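Have a look at the structure below, then the notes.
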Amino acid sequence: MKTTTFSNLSCKEVVNCRDGRSIGFVDDLTIDTENGTILSLLIKEQGKFFCFSKSKTIEIAYENIQKIGKDIILVDMQYFPEISENHEKKEKKKFGFFH
């Protein structure tokens, strides 16, 4: 049986294995207190200015976790429109393309 701590999980980046995009880092967990199982990971998507921006919380069901690795957590999720749109906007700004 492998075990880990919450602080160790919170240092890991969560990546969607369907498209290879980063979702964010583990911010919290939801736990079934009656049987002690993890139900989901709560991922906080951070803005550019972490202290001043509003961040969205994304809940990922435990069943969607494919692999917890040394550095990242791979999840298998359907398309996240809010993440993909934000990611594309950041990429366009980075390369100087604006619409």
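The figures here come from the full heavy-atom set of this structure, side chains too, leaving out hydrogens, waters and symmetry mates. Source: prediction; values computed, not measured.
A single hydrophobic cluster is seen to contain both Y62 and F6, as judged by linkage of ILVMFWY side chains at heavy-atom distances under 4.5 Å, directly or through other members. No continuous path of ILVMFWY side-chain contacts below 4.5 Å connects I68 to V15, so the two sit in separate hydrophobic clusters.
The minimum heavy-atom distance between M77 and R18, with the atom names listed, is O-CD, 2.8 Å. The shortest non-hydrogen separation linking I23 to I58 is CG2-CD1, 4.0 Å. Between G69 and K12, the closest heavy-atom pair is O-NZ, 2.8 Å.
Atoms SG and CD1, from C11 and I72 in turn, are 14.5 Å apart once rounded to the nearest 0.5 Å. Note: N64 CG to E59 CD = 10.5 Å, rounded to the nearest 0.5 Å. Distance check: I73 CD1 to I65 CD1 gives 6.0 Å after rounding to the nearest 0.5 Å. Atom CD1 of I60 and atom CG of N16 lie 7.5 Å apart (nearest 0.5 Å).
Side-chain N or O atoms of K44 include none that pairs as donor or acceptor with a backbone N or O of F25 at under 3.5 Å.
Contact check for T57 versus I43: no side-chain heavy atoms found under the 4.5 Å cut-off.
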Listing, residues 28-38 side-chain donor-acceptor contacts under 3.5 Å, not counting sequence neighbours, or none:
| from | atom 1 | to | atom 2 | distance (Å) |
| --- | --- | --- | --- | --- |
| T30 | OG1 | S40 | N | 3.1 |
| T30 | OG1 | S40 | OG | 2.4 |
| D32 | OD1 | E34 | N | 2.9 |
| N35 | OD1 | T37 | N | 3.3 |
| N35 | OD1 | T37 | OG1 | 2.8 |

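Listed by chain and residue number, M1 satisfy the side chain to side chain contact (heavy atoms under 4.5 Å, CB included) test with T3 (two or more places apart in sequence, or in another chain).
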